[in-house]
Every structure is written in C-alpha cells, then in structure tokens.
Amino acid sequence: MTAPPSETIRAALAEAASRLGASTVDVAVERPRDPTHGDLATNLALTLAKALAEKPRAIAERLVANIQLPSGLVRKMEIAGPGFINFFLAEAQVVGALPALLAAGSTYGRSDVGQGRPVNVEFVSANPTGPLHVGHGRQAALGDAIASLLEWTGWRVSREFYYNDGGGQITNLAHSVQARIAQLRGRTVAIPEGGYHGEYIREIAERYLAAHPKDAGGADLDAIRRFAVEALREEQDRDLQAFGVRFDVYSLESALYTDGKVDETERRLVAAGHTYEKDGARWLRTTDFGDDKDRVMRKSAEKGGDYTYFVPDVAYHVTKWERGFTRAINVQGADHHGTVLRVRVGLQALEMGIPDGYPEYVLHQMVTVMRGGEEVKISKRAGSYLTIRDLVDEVGRDAVRYFFLMRKSDTHFVFDVDLAKSQTEENPVFYVQMAHARMSGIFRVAARDPESVQAIGADLSSLTQPEEIELIKELAEFPETVQRAAAALEPNRLTTYLEGLARVAHAWYHKYRVLGEPEEAARLVLARAVRQVLANGLTLLGIRAPERM
RNA sequence: GCGCCCGUAGCUCAGGUGGAUAGAGCAGCAGCCUUCUAAGCUGUUGGUCGGAGGUUCGAGUCCUCCCGGGCGCACCA
C-alpha cells in the first residue's frame with residue numbers, strides 16, 4: 001500500500017519550504033470544507049509569512065514553483081484567498097482507493113493507534129434499586145459504542161459494570177421491600193421516607209414471601225436485602241441483554257469492603273498525610289487538590305461511623321489502576337459530575353503515581369421522551385417508569401441505539417418515539433439502513449454474492465460521474481472518521497458521517513443504474529464498497545445492517 | 001451565591017481540536033413518479049452563530065464579563 005495523498009503532499013511541501021529557507025515547521029494538510037477549494041489544502045504560506053517576512057501569496061507562489069510531486073497525483077494546484085494552496089487530486093487517485101477498501105472488507109476502518117494498550121470503560125453502573133430507565137439506555141449505548149470505537153482503533157478494551165450494592169440506598173431498598181411485605185400481610189405500614197414506591201417493589205415482596213416461608217413476617221432484613229439486590233440485578237441483566245450490551249467484568253462495591261480494599265484506601269490516605277479529625281469525623285483535605293471545601297470520608301460515631309460514598313469509589317478506582325488499566329473512562333450522567341473531582345482528588349491524595357486526569361469522564365445530559373407530541377413523564381419516586389426494555393419493545397433495538405448515539409452526549413436529548421418508529425427516510429436509522437439494503441438489493445437482483453465482486457483487475461476507469469467521485473471520496477474518509485470519533489470519545493461523529501454517506505449513496509442510486517449498463521462491472525465494485533462501509537459503521541455502533549427492509 | 005454543561009436557519013441538530021462565502025434534515029416554495037425498493041427525487045428561500053469585549057494574518061471554535069436554560073453544590077449515593 002502506498003502512502004495516502006495527504007502524506008505525500010505534506011512531505012513535498014515540507015521539502016519545498018526548506019528550499020525557501022524556512023526552518024522546520026508543522027505542515028498542515030487538510031480537507032477544505034468547500035469542495036471548490038480542492039481535495040486537499042494547506043495554509044503553509046500563511047504560517048510562514050511572519051518568519052520569512054514576506055506576503056503569504058508570494059510565498060505560496062514560490063512554494064508551488066518549488067514543490068515536487070509524483071506525476072499522476074495532482075491534476076491541478078491553485079493559490080486562493082489570502083494564500084492557501086489548493087490541491088485537486090487526479091481522478092485515478094480517487095478511484096484508486098477502492099481496491100484496498102474491498103481487500104480490507106469488514107476490517108476497513110480499523111487502525112492501530114491504540115497499539116494494544118489496555119483501557120477500561122465503565123458504564124451503566126446503576127444501583128440495584130430499580131429497573132434501568134431511559135437515562136441508563138443512553139449511557140449503555142454510549143459506553144458500548146465508545147468501547148467499540150476504541151477497539152476499532154487498536155485499544156484492548158474491557159467493559160465494566162459497577163454495582164453500588166453497599167450504601168445507604170440499599171438499606172433503603174430493603175426497608176421499602178420490608179414495608180411492602182408487611183402490607184401484604186395485611187398490616188398498615190408506610191413506605192419509609194425517601195423509600196422506593198414502584199410496583200416492582202411489591203413484586204419483589206411477593207416473591208420473597210414465596211421463597212422464604214420461614215420468614216413470613218419479613219423480620220430478616222438482611223435476607224430481604226440480599227434477595228432484593230439479587231432480583232434487581234437479574235432484572236437489569238435482562239434489560240441489558242434486550243439491548244444487546246455485554247460486559248466483560250462486573251464489580252461489586254460490597255466486595256471492596258469484604259476484601260479490605262476500602263480500609264486499605266483509608267489507611268493509605270491517612271499515611272499520605274492528607275486527612276484530619278474534626279467534629280468526631282475523619283476528613284480528607286480535598287482543598288489541597290482544588291476542591292472548594294474538605295470532605296468527610298468517615299462519618300462521626302453518632303452518624304454511624306461509616307465511610308462516605310467516595311471512599312469506596314476511590315478504592316474502586318485504585319483497583320482499576322492496579323489491574324493494569326493505565327487508562328480508564330467512566331460514562332456517567334451529568335448529575336453525578338460532582339463526583340468527578342472528588343474521585344480524582346482522592347486518587348491524587350494517595351500519592352501513588354496515578355495521573356491527575358485519571359479517570360476520564362464522558363458525562364451525558366438528561367433524556368426526555370416525547371410521544372404524540374407530548375412529554376412522557378417519568379417519576380422514580382412515584383414509581384412511574386419508562387424502562388429501557390419498554391423502549392426497546394416499542395421502537396426496536398436498532399432505533400434506540402442509533403437515537404441515543406446521534407447526539408453529542410453533553411446536550412439534553414429529546415427522544416422522539418414517533419420518529420424512531422417511523423418507516424420513512426425522515427428517520428435517520430431507517431435512512432442509513434435503507435442505503436445498505438438498497439446496495440444489497442442490487443446484488444440480490446443480480447444473483448451475485450457481494451463478496452465475489454473484486455476490484456483488482458476490474459476496470460474502474462468508467463467511474464467518472466461526479467456523484468461517483470464524491471461517493472468514493474466519502475468512503476475514503478471512513479477510517480479517519482472512526483479515529484477522530486474514538487479520539488474525541490464521540491460516537492455521534494460516526495452517525496453524522498453515516499447519514500452523509502447514505503445521502504450520497506441514495507443520490508447515486510437514484511441517478512444511475514448498475515445492472516445492464518456498460519459500467520456495470522465498475523459500479524458493482526462501488527456498490528459493494530458502499531455496502532461494506534455502511535455495514536462496518538453500523539456494526540461498530542451495535543446496529544444491524546439489514547439486507548432488505 | 002459557587003461549580004459543570006448548553007445557547008448555530010421557523011423546528012431538530014452538524015460544524016474534523018483556529019481557516020476561505022456558515023452546513024444537513026424537517027417545515028416552506030417550484031418542479032418531477034413506467035427502472036436494482038417512490039418507504040421517493042431535483043431545485044430553491046431562509047443566519048447580526050445568545051450579547052459585549054479580547055487574543056491574531058484569521059474566531060461559531062480559544063480567553064474575560066454579561067444574559068438565558070439545564071444539572072450539581074450533605075457526616076445521601
């Protein structure tokens with residue numbers, strides 16, 4: 001494989017610049033937004049203006065006069081605007097991308113920028129106190145897609161789910177179930193203050209009674225707690241399964257206590273000298289690390305003497321570090337952004353060489369659901385719920401995933417149920433999948449296996465229509481798009497790309513026929529390439545690429 | 001009050017880590033449907049990028065302040 005045109009041009013520009021007497025500089029070769037500005041462009045003359053004490057356009061002219069490019073690469077060079085140099089690639093160059101694309105097949109778009117380094121991606125991490133709601137759905141889609149993007153760019157990824165099964169919310173859950181049990185036994189007992197009211201609590205109470213005939217009175221709070229947590233974990237697993245999300249590792253907060261990791265973390269923090277006692281509690285001096293006030297890490301005796309939540313959180317991240325994850329990414333709801341600083345500060349206070357940006361965070365904003373032009377109200381306290389499984393059942397897994405991925409995570413997201421269900425091209429998932437199905441349809445009608453179509457040996461010179469050249473350029477951008485999306489941890493860049501590619505593909509499909517045309521052989525190559533890239537992009541995001549709709 | 005995020009066409013949103021005249025879809029307007037899927041297609045109207053300063057050759061993008069919206073600010077998690 002030869003170097004991509006942008007690299008060749010970059011090197012040639014650097015050489016031309018040194019011929020002009022410029023000391024070594026970074027040469028930027030970018031794709032202009034406006035296609036009339038060529039396929040590639042450089043601002044080199046502008047950045048050299050100061051050093052050479054010369055007008056940018058004059059420098060540009062000398063660069064163009066001095067540059068040496070292999071023949072057949074560039075069809076035209078022009079100087080434009082304040083001093084940009086625009087390069088127009090020869091069409092044969094563009095079409096030349098197809099053989100490598102087909103040869104790579106389902107691996108086209110993969111790269112090795114991660115070099116096999118390990119990365120831990122933690123997401124969902126819901127408390128086992130209720131079913132997974134739509135917010136968790138956004139997180140599941142995001143986390144899974146980010147993990148896949150990292151895999152595609154050469155990272156060794158571990159997907160991890162962390163159960164907060166140790167804190168006060170779990171006690172709260174146990175008391176709520178206990179109250180329901182009492183109600184089932186005919187006693188009038190209120191759900192405790194701040195407790196869980198959902199219908200699922202009653203179901204758990206019923207199942208507990210059926211499974212524990214010896215505790216008909218519901219006196220064994222510990223047994224109730226274990227039972228409820230177990231039941232809800234199974235429930236959440238089923239939700240995630242329906243959504244097609246799998247994890248490599250499940251970590252339990254409770255295990256951090258039984259393993260002594262929490263105690264050990266406290267000891268290390270004390271040893272590092274960033275703690276003090278006040279009002280009967282033990283504090284961590286987080287202000288040493290940029291927090292606006294110090295935080296209690298162990299409550300006073302009259303408050304129970306427990307650790308506050310962030311000590312196990314810190315202990316948990318220590319285990320990630322000690323398990324060899326030099327990189328860790330946490331996907332969380334933005335309502336937890338307060339914990340970001342505290343976890344990082346706790347890790348810094350341990351002074352064990354963990355970098356201060358560890359772990360990285362991807363925070364997502366809230367989700368609201370619209371149906372029939374009205375907001376679907378969700379209230380956890382009142383127990384009115386729209387679970388991730390409800391949503392998947394109603395609109396389908398592909399649409400749910402795609403919708404959660406198509407917007408930047410840090411903007412509030414409105415999930416339009418009617419649009420997601422719509423079988424028209426206004427629906428972006430349908431639009432992209434349809435493009436794949438159309439390409440597949442060509443091969444179905446031709447009664448040919450797409451895999452049997454090869455670019456090597458095929459005469460691609462008949463691919464000369466502007467739509468075809470544009471389509472191939474779009475296909476060639478896929479690997480870089482994957483890399484940029486992975487680097488930014490933004491899957492929405494990929495959905496945006498896929499919609500753009502689908503748009504060009506639909507336009508081409510409508511304007512030109514493939515079968516029975518003189519260009520059939522070459523166009524079959526292009527159709528296979530389009531189908532392949534659409535399939536790769538969709539598969540990466542966990543969405544099906546259907547043969548027909 | 002303090003911190004984080006958001007503000008781009010009538011609506012929903014892109015905008016590749018500072019580039020050239022701001023980009024899509026929907027809605028609107030004008031045309032078009034005998035084909036491998038019309039479950040549409042083509043063309044077109046529409047913008048003081050919330051506001052004001054600043055940084056520099058160049059700002060939707062970076063910095064400061066202000067306005068508007070969301071989310072946090074516990075010995076809850």
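Reminder, nothing fancy here: chain letters follow the sequence lines and each chain counts from 1. As the structure is a prediction and not an experimental result, all values here were calculated from the model.
Heavy-atom nearest nucleotides on RNA chain B were determined for Q423(A) and for L363(A), and the one closer to the 5' end corresponds to L363(A). Residue-to-nucleotide proximity on RNA chain B shows that, of V445(A) and T424(A), the 5′-proximal contact is made by V445(A).
Spacing of C1' atoms, U55(B) relative to U42(B), comes out at 46 Å, to the nearest Å. A gap of 30 Å separates the P atoms of C73(B) and G15(B), to the nearest Å. Comparing the same atom, C1', in G50(B) and in C5(B) gives a spacing of 16 Å after rounding to whole Å. Nucleotides G46(B) and C2(B) place their P atoms 43 Å apart, quoted to the nearest Å. Taking atom C1' on both nucleotides, A52(B) is separated from C67(B) by 11 Å, rounded to a whole Å. Across C32(B) and G69(B), the matching C1' atoms stand 44 Å from one another, rounded to whole Å. Separation of the P atoms belonging to A30(B) and G23(B) is 27 Å when rounded to the nearest angstrom. For the P atoms, the distance linking C41(B) with C66(B) amounts to 48 Å, nearest Å.
Between the P atom of U37(B) and the CE atom of M549(A) lies a distance of 14 Å, rounded to the nearest Å. One can place NE2 of H364(A) at 13 Å from C1' of G70(B), the figure rounded to the nearest angstrom. To the nearest angstrom, P of U35(B) lies 15 Å from CD1 of I442(A). If you measure from atom CG of D291(A) to atom C1' of C2(B), you get 12 Å, rounded to the nearest angstrom. Atom pair M439(A):CE and C36(B):P shows a separation of 14 Å (rounding to whole Å applied). Atom CE in M434(A) sits roughly 13 Å away from atom C1' in C41(B) (whole-Å rounding). In this structure, the CG atom of L341(A) is 13 Å from the P atom of C5(B), given to the nearest Å. The distance between atom OH of Y509(A) and atom C1' of A39(B), rounded to the nearest whole Å, is 12 Å.
Residues satisfying the side chain to side chain donor-acceptor pair (under 3.5 Å) test with E474(A), not counting sequence neighbours, are none. For Y358(A), the ring-ring contact (aromatic ring centres under 6.0 Å, His included) partners at least two apart in sequence or on another chain are W321(A). With sequence neighbours excluded, the residues that form a side-chain contact (heavy atoms from CB on, under 4.5 Å) with R226(A) are D222(A), A223(A). Listed by chain and residue number, H274(A), V345(A), Q348(A), A349(A) satisfy the side-chain contact (heavy atoms from CB on, under 4.5 Å) test with F289(A) (two or more places apart in sequence, or in another chain). D398(A) meets the side chain to side chain donor-acceptor pair (under 3.5 Å) test with Q433(A), R544(A); sequence neighbours excluded. Residues meeting the side-chain contact (heavy atoms from CB on, under 4.5 Å) test with N164(A), sequence neighbours left out: N127(A), Y162(A), E253(A), D313(A).
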**Item:** Nucleotide pairing, RNA chain B (Watson-Crick or G-U, distances under 3.5 Å), in dot-bracket with [ ] and |
**Value:** (((((((..((((.....[...)))).(((((.......))))).....(((((..]....))))))))))))....

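Between the CE atom of M549(A) and the CZ atom of F430(A) there is a distance of 4.5 Å, given to the nearest 0.5 Å.
Within a 6.0 Å radius of CZ in R444(A), other residues, nucleotides and ligands contribute more than 12 heavy atoms. Around CD of E374(A), the count of heavy atoms belonging to other residues, nucleotides or ligands within 6.0 Å does not exceed 12.
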**Request:** Any chance you could list the contact pattern along nucleotides 71-77 of chain B? Use B for base contacts, S for sugar-phosphate-only contacts and - for none, protein heavy atoms under 4.0 Å, 5' to 3'.
**Result:** BSSSBSB

**Request:** Would you mind building the protein contact string for nucleotides 17-25 of chain B? One character per nucleotide, 5' to 3', B for base within reach (heavy atoms under 4.0 Å), S for sugar-phosphate only, - for untouched.
**Result:** S-BB---SS

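Under the 3.5 Å distance criterion, the side-chain polar atoms of Q483(A) are left unmatched by any main-chain donor or acceptor of V113(A). Put simply, the side chain of N427(A) gets close to the backbone of L419(A): a donor and an acceptor are under 3.5 Å apart. Judged by distance alone, the side chain of N536(A) and the main-chain N or O of Y108(A) form a donor-acceptor pair under 3.5 Å.
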**Asked** After noting the C-alpha distance and the side-chain angles of E517(A) and Y512(A), does the key distance pass the side chain to side chain donor-acceptor pair (under 3.5 Å) rule?
**Response** CA-CA 9 Å; E517(A) 300 294 311; Y512(A) 304 101; over 6 Å; no

**Request:** Evaluate the criterion side chain to side chain donor-acceptor pair (under 3.5 Å) for residue pair D294(A) and Y276(A); output intermediate values, then yes/no.
**Result:** CA-CA 10 Å; D294(A) 292 339; Y276(A) 61 90; 2.7 Å; yes

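Within residues 515-538 of chain A, the residues having any heavy atom under 4.0 Å from RNA chain B are, by residue number, L515(A).
Outside the 6.0 Å centre-distance limit, the rings of F123(A) and F161(A) are not counted as a close aromatic pair.
U17(B): glycosidic angle within 90° of 0, hence syn.
Every pair tested for ring-ring contact (aromatic ring centres under 6.0 Å, His included) that includes a residue from residues 42-62 of chain A fails, sequence neighbours excluded, so the list is empty.
Residue F430(A) is classed as a base contact, given a heavy-atom separation below 4.0 Å to a base. Nucleic acid contact for R438(A): sugar-phosphate only, since backbone atoms but no base atoms lie under 4.0 Å from a heavy atom of the residue.
A donor atom on one side chain and an acceptor atom on the other are not found under 3.5 Å apart for E499(A) and T496(A). In the model, W283(A) has no side-chain atom that pairs as donor or acceptor with a side-chain atom of E277(A) under 3.5 Å.
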List, with names and distances, any nitrogen or oxygen atoms from the protein found under 3.5 Å away from nitrogen or oxygen atoms belonging to nucleotides 7-13 of chain B.
unit_1	atom_1	unit_2	atom_2	d
U12(B)	O2'	R407(A)	NH2	3.3
C13(B)	O2'	R407(A)	NH1	3.0

